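Everything below concerns the one structure shown next.
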Amino acid sequence: MAKAKVATTSLCGCFGCHMSLLDIDDRILKLVELVDFNKSPINDIKEFTERCTVGLIEGGCCNEENVRVLRDFRKHCDILISVGDCATMGGIPAMRNTIPLKECLDEAYLNGPTVHNPSGQIPNDPEIPLLLNRVYPCHEVVKIDYHLPGCPPSADTLWEALVALLTDKPVALPYELIKYD
Amino acid sequence: MSKSLEADVKKICKACGNDRTRMMDIVRSVQEQCGCVSGEAMDLIAREVSCHRVEVESVVSFYAFLSTRPKGKVVIRLCDDVIDEMKGSDQVAAALKTELGIDFGETTADGAITLEHTPCIGMCDQAPAAMVNDEVVTYLSGDAARSMVRSLREHMDPKKLVGRFGDGNNGHDLVRSMVHNNIRQSGEVVLAPLAEGAALKNALAMSPAEVIRDVKTARLRGRGGAGFPTGMKWEFTRNAPGTQRYVLCNADEGEPGTFKDRVILTERPDVLIEGMTIAGYAIGSDTGVLYLRAEYAYLRSFLEQALHDRRNKGLLGKDICGKKGFNFDIRIQMGAGAYICGEETSLISSVEGLRGDPKNRPPFPAQKGLHQCPTTVNNVETFCCVSRILEKGPGWFAQMGSKGSPGTKVLSISGDCHRPGVYEVPFGIKLSDVLKLCGAEDAAAVQVGGPSGTMVSPAEFGRTICYDDLATGGSVMVFGPKRNLLKVVRKFLEFFIEESCGYCTPCRVGNVLLLERLNRILDGRGEPSDLPYLERLGQTIKTAARCGLGQTSPNPVLTTLKSFRSAYESLVKEAPDGLQPSFDIGAALGDAKTITGRESVHF
Ligand SMILES: Cc1cc2nc3c(=O)[nH]c(=O)nc-3n(C[C@H](O)[C@H](O)[C@H](O)COP(=O)(O)O)c2cc1C
Ligand code: SF4
Ligand code: SF4
Ligand code: FES
């Protein structure tokens, strides 16, 4: 059987979810037998080179580039999984959602108690993607097929879910893997 | 601290016996006298009645008619509910805004007039309607609104706005209102006259247990909506342990489209009071409370007088009808603008001087109700039925109506029909016959039972009004072929969101999510998968909500999804690219473009 192609990305996330994926320890050897990675920070492939079976999305969308990447994933992947609380709900970054964008920037670059910014400039290089008015969970931007909650979802959760999906078995996540207190 | 405020508050609290359970009366009086219940006033009240400031504040902040900030001397509250909107309340709103030079939620610069919106005030048959302080003005138009504001500016006296009185007791000296009864069809049970004391004397000739047996034999079920058997409720209340018991009459009538209790209170207060007195005798209570919605404050003096007259005639008070030891009296408790207070446990909270939060059940009010004592809560119409049952006998009553729903029902019909108003009909009547009665043969949809009820399509007009089919507390709203039903649904959802007490998440959050998704569909950004989403979410809210409000709030969505699915389906379309049509990248980038002065490189 041909190996499944998997792509991953970190949008507005902290890379913690990717770290959790690497936390599967020696099972990573089994994973490599099961899948080939395409576009992913793990192998540093920057653009899709072929169609993928699964796309793992960490983080929600806070800027225009996130939206572009996410739409690209939707276009190239059969199945998209929102991984972690940032992807499924916006997570910590979404704490800014109740505050107007201008106020957020002023607080971060001008008024915050620890800010040292003698020139009083807010970064505005053309390279910097424009921020969205608020942080969006992925499923509000494109269709998402599965959600894996957790901050981050544990390595076991990711492993169980991915293996079940790729081997066409029902996902049976034991209670310990989906309880969060 | 201002001396006069202190003196006013002290006087008001004293008049209420410095009793914190009378908080509703205290804060209402302070609001009336001082224009608002300010922080200072709340501190003073707390001191006078020996409670914490937060207990006062939790009440003041809960009710729509109370305010911590000063309002105008005159407050105009225009009904902006579904029916009024259909009858042109937006023109009235525009006229009020231009004439006053302010928007809704604002007060004129001279502090004279405040303009607000309010949900249904029970005048749907004479919409558009508004309250001007306690006065009700009906059949409004742009012109009428303009001249109303002009005369208010001259005399600032809402009473003087009433030109010609309405029919019947609306012209009574203590009412003097322009409200009309619009009784289109009287029946023999509720709206027929009653010889004073006739039912009560029959009741007092029996034992309390026999009275309850008669109510049971008549198979009377509650007229407030839920339809619980009244005799059984009374028996539970009578048998529950305790020395003090209470009879509460629910005259909160907040379900949009319901105005039949208004007419009963205006024309048949004696039948109601007699029914409450009989209840007092049956369950062994000496105290009744009539909970009157703030919107009906214009009826208060009239009802006080009716109580007073009955005391003078020995029909209320001590040793009623000469029956030694049977004492029963009734006081009126005013509400302050909160739909949820119609829910019986919220109503009890409100009468106890608390914010109108529902209580956990069990224990049910029959076990532990007002002040933890056994309490029966019944609708206005239910008490009227009791009077008639005791007058004419349970057999006479039970042979009317249908098998599971004996007796008659008073309907309040409004919307797209030729003869809106009040109709007393036998239970079991077909909806199509109701529509014939009120002149609405071309109806495209009928909402039976108010927003918490059912939206019925023409294919189902053969269904019947009764507890086992289309149950209703009285509200029947007719929608003609030109109406956009999904906008009606949206209005209903907005109503529930506004009126939710906020205690439990399914209702507080769930209804907002329902509205969000409905708006998406109405904006043309909906998808087929939104329909099952609405159904699932609606079911979750129904299952998980704590009280009747949340348990019924998804009904507008769920019943239209069932009966009018094509209205939804015609608005949604599949997004083939897997993108969410509801996500608008242009709008999402708007702020950043303004702030940075740059254009997007990606989109
Ligand atoms: C949100 C909500 C609002 C209600 N409003 C009213 C009302 O305005 N009048 C009323 O009689 N019952 C209302 N009810 C029903 C009452 O809780 C209660 O069932 C009724 O007053 C019992 O009287 P009955 O048995 O005579 O009908 C409401 C219920 C809910 C859940
Ligand atoms: S879910 Fe937690 S671990 Fe994952 S990206 Fe967000 S913050 Fe990081
Ligand atoms: S269902 Fe709504 S109104 Fe009822 S308790 Fe919950 S939040 Fe309050
Ligand atoms: S009075 Fe406006 S809808 Fe009832």
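Note that the structure is a prediction, hence the values are computed from the model and not measured. In what follows, every chain begins at residue 1, and chains take the letters A, B, ... in the order their sequences are listed.
- Of the atoms belonging to B:E599, it is backbone heavy atoms, and not side-chain ones, that fall under 4.5 Å from chain A.
- Within residues 487-525 of chain B, no residue has any heavy atom less than 4.5 Å from a heavy atom of chain A.
- When the heavy atoms of residues 130-156 of chain A are compared with those of chain B, the residues falling under 4.5 Å are A:L130, A:L131, A:L132, A:N133, A:Y136, A:H139, A:E140, A:V141, A:V142, A:K143, listed by number.
- Atom CZ of A:R68 sits about 10.5 Å away from atom OG of B:S600, to the nearest 0.5 Å.
- Contacts of A:D125 with chain B are made by backbone atoms alone, with heavy-atom separations under 4.5 Å and no side-chain atom involved.
- At a 4.5 Å heavy-atom cutoff, the contact between A:R74 and chain B is made by side-chain atoms alone.
- With sequence neighbours excluded, no residue forms a salt bridge (charged side-chain N to carboxylate O under 4.0 Å, His left out) with A:K75.
- Atom CZ of B:F603 has more than 12 heavy atoms from other residues, nucleotides or ligands within 6.0 Å.
- Using a 4.5 Å heavy-atom threshold, the side chains of B:L589 and A:E64 count as touching.
- Between A:R71 and B:L579 the shortest side-chain heavy-atom distance falls below 4.5 Å.
- Residues passing the side-chain hydrogen bond (donor to acceptor under 3.5 Å, both in side chains) test with B:T596, sequence neighbours excluded: none.
- Panel note: side chain B:R598, backbone A:P129; no donor-acceptor pair is recorded below 3.5 Å.
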